[in-house]
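The block underneath contains the structure these notes are about, expressed in structure tokens.
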Amino acid sequence: MQGSRPFVFPRWTNSLRTLIAAVVIVGVLYAALVVAYGASPQTTDVGYQPEQPVTYSHAKHAGELGIDCRYCHTTVEQAAHAAIPPTQTCMNCHTNITIGNSEKLTPVRESNASGMPIEWVRVHDLPDYVYFNHSAHVRRGVGCASCHGRVDKMELVHQVEPLSMGWCLDCHRRPERHLRPVKEVFNMGYTTANQLVDGRRLKELYNINPSTDCSTCHR
Amino acid sequence: MTTLPAHKMLLDTTHEDPTRRAPLVLGDHDFGSVTETVCRIVERPKPPRAWYVAFAVSVSLTGVLVGLILYLFVTGVGVWGVNNPVGWGWAIVNFVFWVGIGHAGTLISAILFLFRQKWRTGINRFAEAMTIFAVICAGVWPGIHVGRAWLAYWLAPYPNQMQVWPNFRSPLVWDAVAVGTYFLVSLMFWYMGMIPDLATIRDRAVTRIRQMVYGLLALGWRGSNRQWLRYERAYLLLAALATPLVLSVHSVVSFDFAVAQLPGWHTTIFPPYFVAGAIFSGFAMVMTLAIPARQFFGLKDIITMRHLENIAKIILVTGSMVGYGYGLEFFIAWYSGNSYESFAFLNRALGPYAWAYWIMVTCNVAVPQLFWFRKCRTNVWVLLGACILVNVGMWFERFVIVVSSLSSDFLPSSWGYFSPTAVDIMMLVGSFGLFFTLFLLFLRYIPMVAMAEVKSVMPQALMEGTGHRPLGDYWGDMPHPEQRHKAVDAEARS
Amino acid sequence: MPPVSGPATGKTYWRSLDELADTPEFRKFVESEFPNFAPELLASPSRRRFLKLMGASLAMAGLTGCRWPKETIAPHGSRPEGRTPGESVQYATAMELGGSAVGLLITSYDGRPIKVEGNPGHPISRGATNAFAQASVLELYDPDRSKGVMQRQGDQTFYRSWDQFAAYARRHFDALRADGGKRLCVLSESSSSPSLADMRERFGRAFPAAKWWEYEPISRDNERLGSVRAFGQAWRTHYALDRADVIVSLDADLLMDHPAAIGHARDWAVGRDVDEQGQRRGTERAMNRLYVVESAHSVTGSMADHRLAVASRRVEAVALHLASCLIERGVAVPSVGNALSRSSRPVEADFVEALAEDLLAHRGRCVVAVGPRQGAAVHALAHALNAALGAVGTTVSYTEEIEPDRPTHAEAITTLSTDMRDGEVDTLLILGGNPVFDAPADLEFGQGLDAVKTVIHLSLFPNETSQRCTWRLSRAHYLESWGDVRAYDGTISVVQPLIEPLYDGKTPIEVLALVIGDQPAKGYDVVRRTLQASSGGADFDTRWRRALHDGIVPGSAWPTAEPPLKRGGWAAELAERVRGGTAEAGQVELVFTPDSHVYDGRFANSGWLQEMPDPLTKLTWDNAAIIAPVDAERMGLRRGDMVRLEAAGQTLEMPVTVLPGQAEGSVTVSLGYGRTAAGRVGNGTGFDAYRLRTVAAMEVVTGVTLTSTGRRTMLAVTQDHHAIDSRVGRRERDKRLGMLYREADLEEYRRHPDFAQHAVHHLPLVSMWREHEYEGHRWGMTVDLNKCTGCSACVVACQAENNIAVVGKEEVDRGREMHWIRIDRYFRGQPGAPQVAHQPVACHHCANAPCEQVCPVAATVHSSEGLNDMVYNRCIGTRYCANNCPYKVRRFNWFNNHKDLTETEKMAFNPEVTVRARGVMEKCTFCVQRINAVKIDAKNEARPIADGEITPACAQACPTQAIVFGELNDAESRVARLQADRRAYAMLGELNVKPRTQYLAKLRNPAQPEVALPGLPKATHTEQTDTEHS
Amino acid sequence: MTQAASTSQESADQPRALWGCLVEFETVEELLAGAEKVRDAGYTKWDCHTPFPVHGLNDAMGIRPTRLPWLVFGAGVTGAAVGLALQYWTNAVDYPLVISGKPLFSLPANIPVIFELTILFAAITAFVGMLALNNLPQWYHALFHQPRFRRVTADRFMISVEARDPKFDPAETRALLESLGGSDVELVED
């Protein structure tokens, strides 16, 4: 064995040292980024915009025509769910109004005739172990737009906020950033010169101290 | 000066004489022959048939373990015998058992190194290997024993969209951190110790593939003294860090119990007594592995009877500590006047789990007392038998602590009995399979003795007259080369 | 339901709903059945919750950020008036069992009834319920229920439609009119429904010659007969236990097994609710005292201050001796007079003497009640005694009886089966019931049935009887049907449907209408007609709506009367029997009781009831022959040993269980188990005691032989597992009992009102750190051990409210039952005459909760309102918290417990509570979903929360109101006042865990002056001689 | 032969540069003696190669102790700080939860993690630092071309002087090394 020629790694292998170091460091950072952004609801959920059985335009109804949210989502102030309106609600108007192309309305008419529901696709979907109550929020000056965005500008509704636990907590910890006068809750376009000042005042006024207890949302 | 004839004194490796200790390496070895002896094992093309048999068995058992883990994941932890009130069963028992085993390695390496106990050199390498593998076996359990293993990563404090953090008050978090750290540090310690030896194998390697593989692993070690300088310093530092770590790890494991308020768990004596127990079981396992190893691979000259005897002495000491712990628990229970506490221990000794308790006491307290007798300390069969019993006993210690305490705590209405299922049993067996699989691979491919370190304690490494001394003070520890040769001749003549 | 086979007819027939679940047929079926409901059912925001729960939690698990599967919302076509999706509504109705009703309020969520509560306005329930009522929701959704109409032809079964049946019925019954239905018989369950009675009259007019029989396996006919003997006519006896200071129960389980049990419990509890002077709160009256003489250890017996365990057949002797003692003391017991020669041997002299003394001391404030298993004469005697003691009019009252002169159930079933066997019956219409299974064995009813050409069975389940019938009609569940029922006191409640019939069922009323071709045929109209007829026409609609809303028809209770006792030979006869009774002495007797899980067998397919531990034996999923410890010792029997029972020529092999307090020489077997056609849950559970029952001995069989077979079987109990039983353990158990369950005699309590505070001696509890303050709310609970009877209504109520899984017999045996609230049951004293302790234990929401600190992921933490929150979706399942919980109230999902639920069963889920995934810890939350609901409403209405507005399911169901929940920060709230009571103590408080649930110590009220009575152990902590229980 | 060795290894390489000079010894004694001579000759870019750490060699070579310990100490302190900060911020600041009625921040509960992190950081630094300071991994090295050099990991001791050394001169250095009494002095090419 003494005689035999030793195997020697080629010279360039020495540069591997730096390469390995680099890979390790970059790899760690990359993983961190993936977890932080790639997997966060901000990335995965925001912008979710499923096709709906009826091409109903909030921009048209809530925006142009300026119909109040509560005309359709009647229960939002009393109940946990902001109920999706029954077909009847559509027909209230559309029995005599048939502007625009009326094919759009066919499913609605069918549903009205058959009594079978229109199966809307849920956009804002919380996990099943999360219990969100609309009435508790809209009655305390949390605007529709704060969570659902400018629905009145959306042709087809999509999700604008991550609806992640962290996102909920942000508001429960610092409600002043989002509070508005109760009468402005359904005002999509509400803005204020100095949100923080107003927010703090309203927080006082409505005596709002949101809980971050687990059982507030998880039961 | 003793009256024994020189050669007797020198060759009876168990002979003790404060002024003249027996040598650590027997036979007429020089650096080359030591290298040869150790490397031969790794380099021989084919291992003994026994190796293949053992390996086959171990691998299939590992398969069983893996299969059962999958079954567990799809079905639920209900496949075990655990229930209410006994929420922790064999999974945790096995975890503590294996972590305990995993202590001797680093302990031998680190603490003995710090204390300049040069007899460690013969055994530290595979003691460390044993540690790594034992910790791997231990690591399996906490992971799979949780109900939703796929969420176990929530124990890690990483920023997440829930904005929720782990609860650092929980001993389980301490546990995860401690065991994780322990594994990493042990691994580095082990690998670092191996670098020079890997280089040796690299340089002796004949086949290209071996040259490349060991070449890669040796990281281009050149044995240069400037390297040795930092290497030794780093090694010393690691040893210095690992020593408190070893002690902390099992203390933390004991917190899993001591921090709870369950009678029989909530005991301040746990940390020291767990550490002692860990060392105890760890050394027992080292012995269990060392004896066959030196037998099969002809290492009797390097892992000498003196090594085994020293281990036996440690087992005797730690065993007695553990026994003292058992006694003290009862005293405290009685002395504290806490009725729940007193019952917990009364119940251990006389309750439905008395059988387990008495197995534990017999194996852990009675058996080691054999080692008071030299005859037993120097008889491999006694050593082997005793050490296996000790391991059994230590498994039962954990069983008694975990199960008997849980089965009857505060409300008699909720007392319940735990009985293992087939899955429990097969998984324990399987974990042994995993352990031995890894260990056999180690024996096959990695020098099981730290050659460089052994060489450094050989007489040739010692320079008369120069005033230079390898690794601390050698007076009396090494017979002078001439003396040795004389003795050997004497031996030959008689 | 047995697999049905045969050529496919026009209509598809099917085995179970889930088989069809997603076929178009099923959709069509559902839509046709309940158009409004179907969409909700198939996809409503609430529904989705459990439909894809596993999916969701898994998505949560690994694949962070992945969206849930696409979901659709199906709103109503047109939303019904006043229906808010996702909000629950309550409707009043009533549930009838064994011929008398309990008024209920049903919580309906998006059209699905999901929870049963008591109707506070109802005279019997008064807001409380029992386990049976609680479990009726699950029964409604039971996928094994009978579906639609089935016709058997030869060995083939065909699915038919109601129209097809109607057509058949018209042909068939018109033919029968010819001879006035001479060969037509109806066998019905006993029912109190005025409408049914009305329909029965119409039926009688249609078929003058037809016979109508009524049969109930669990019958109270002895009471009727007793009153007939005493008064010459059937009267119904009512007890006002709240007015009684001394209550004597002769084999009567007033608090559990009685049509008015819930009311009794409430009244009885009034007399146990004492202040620090040991007097009833706010009155001068003393705490009541309960004497029980019985063989089987009943719930009432477990509450007794003095309990005398004697064989059931010797109770009459005790009663007689009591009478003579009273007569001795100068009480004129009407119509008994000197029929009793003093020659009748004194029985249990010291007990009876003391009892007599006590009764005398409480004339007019005492009750003597006799149970349904005792003979008519004993009942008659009780009437006499009550009259003599001036109880009648104060604590005892009488009302008329429904159908006073009907034959007894035994007679009825006997005649019917004889007629059938003699071939005098061509058509038999069975309305409910399950005679093939529960008729006395010696009648061999089944065989008789085969001799009948046409048997039509209307039944909720395709049970043993339906299988032998030509037509199986599925019966509408009470939650699906219109009807009316009477409570025990006669109060009428209107039964209104909460949901369209899921399985195409009809009510007996409707079927009768069909049979006689009567109009109107719809239950709704019939009920309205009856009510209108009974209560006049003027603005009927208002009263109708009111009745529906209140759940009762005001003023419909029967007027009470004081019927005069008439002389009868019964006293002499009784004396005679007692004298002769010596002959039977030494013989083993067998006593039949209704079962705490399955009643007479009808609830056998209810997982909730099957898994509810029996209040005394803690047995689940089984019945067993209950024997006394002494007998067990003598025969060397342990729980689970199989024995052979031979009685009246019938034999049965079943396991025994040993129960302290069971009378020596008496074996108790509960009826209703051993079903073969109960459904997937009930089949093959337990052992069929009906096989030992004969017409001659419907209640008690004497001369029974009991021999060990040497075999054993597994009985799943939730307490006292054998394996854990050791001498040290037992000694410790008895030692601890005094600390866990604190009790005192009334006298001692008067002397040391704060005895409960001194039951445990420990170092002062100091905290190492500053305690957290709880501004705002701080919830707490108290459990009054002096009131809790162990009836277990809370256990099932909790299960229904919180979607608690049923795990099955094997898992229970492993110790994996999931109940969030359990009732610990301990025995103390001599196994022969033990004292019983019932202690409900749920999560105590400790301020220093030991479970919280050990959770690595903070899945269980404290809320700012002092709740111990358990966050399922954060839990990774280390089970460390359960290990560290001193109360052992945490429950772990060892498997996916909901895997096997059918879609219909899932409809019983409460959408307000997360359905827990596999590998997750769960426990009592103080019904946090209810707390939050009230909080949100209160805040929306900007008002404070009223005390008692929030009631957890357990507290709401509790008949005695032993459980009180509320606001601890408000010193005036009930719970705060109770926790300030000196009887209040924290169990295991010495651990300094600061539990928020506190117990009010138990008081016992033994007779004064102290006489040597059973039920009074001399030493409080006597060594248990019984190896089985504690 | 070196020539041959190297060419055969790396034919692709540019014309060989001289790397240095190598001498071999049998025993530790010889090595130490030799090392002292080279040291005294004032060489700086040179090294000894031994199968095990020969003690006293550092003095013999006159090299200064390593600064590794300071790195390790620093890392340890960092670990402790990180451990404390992490636990304080997560449990007491970012999402304070009431757990078992305990204070939001209590040092005793945090000690284990702090301790473990201290060890972890320090240990990793010790290991990685050693490699870094030793320029490891360095799979290629001129000396690996020397067949004899492979015995240095078994039973031989060697001294190598690099050509980079200012005092290096092929002839002189060779002479010096030969004077050390070692065997097979030879020039090593790169």
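Just so it is clear, the values below take in all heavy atoms, side chains as well, and ignore hydrogens, waters and symmetry mates. All of these numbers come straight from a predicted model, not from anything done at the bench. Letters A, B, ... mirror the listed sequences (proteins, then strands); counts begin at 1.
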Please look at [X] and chain D and tell me whether the side chain, the backbone, both or neither of the residue comes under 4.5 angstrom of a heavy atom of that chain.
| X | result |
| --- | --- |
| B:Leu236 | neither |
| B:Tyr191 | side chain |
| B:Leu241 | both |
| B:Thr200 | both |
| B:Pro166 | backbone |

[X] side chain to [Y] main-chain N or O, any donor-acceptor pair under 3.5 Å?
| X | Y | answer |
| --- | --- | --- |
| B:Glu36 | B:Gly32 | no |
| D:His49 | B:Arg222 | yes |
| B:Asp203 | D:Arg151 | no |

For chain D, which candidate among [options] shows the most heavy-atom pairs at distances under 4.5 Å?
| options | result |
| --- | --- |
| B:Pro196, B:Ser251, B:Ala199 | B:Ala199 |
| B:Asp175, B:Val185, B:Leu216, B:Val164 | B:Leu216 |
| B:Lys455, B:Arg226, B:Arg202 | B:Arg226 |
| B:Ala218, B:Ser248, B:Pro171 | B:Ser248 |
| B:Ser224, B:Gly220, B:Ala234, B:Ala452 | B:Ser224 |

Which one of [options] has the most heavy-atom pairs closer than 4.5 Å to chain B?
| options | answer |
| --- | --- |
| D:Val152, D:Thr118, D:Leu86, D:Val128 | D:Leu86 |
| D:Leu104, D:Ile111, D:Leu143 | D:Leu104 |
| D:Leu133, D:Ile63, D:Val113, D:Val72 | D:Leu133 |
| D:Asn110, D:Ile124, D:Thr27 | D:Ile124 |

Counting only non-hydrogen atoms closer than 4.5 Å, does [X] touch chain B with its backbone (N, CA, C, O), its side chain (CB onward), both, or neither?
| X | result |
| --- | --- |
| D:Pro112 | side chain |
| D:Leu120 | both |
| D:Phe157 | side chain |
| D:Trp46 | both |

ask   = Taking the six-membered ring for Trp, are D:Phe144 and D:Trp139 ring centroids under 6.0 Å apart?
value = no
Check: B:Phe113 ring centre within less than 6.0 Å of B:Tyr235 ring centre = yes
Would the number of heavy atoms belonging to other residues, nucleotides or ligands and lying under 6.0 Å from [atom1] of [X] be above 12?
| X | atom1 | value |
| --- | --- | --- |
| D:Tyr88 | OH | no |
| D:Arg67 | CZ | no |
| B:His266 | NE2 | no |

message = If only side-chain N and O atoms count, and only distance matters, is there a donor-acceptor pair under 3.5 Å linking D:Asn91 with B:Trp165?
response =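 The answer is no; no qualifying pair exists.
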ask   = Will you find, in the side chains of B:Tyr214 and B:Asp197, an N or O donor that is under 3.5 Å from an N or O acceptor?
value =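 No.
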key: Cation-pi check, D:Lys167 onto D:Tyr43 ring (under 6.0 Å, within 45° of axis)   =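 Yes.
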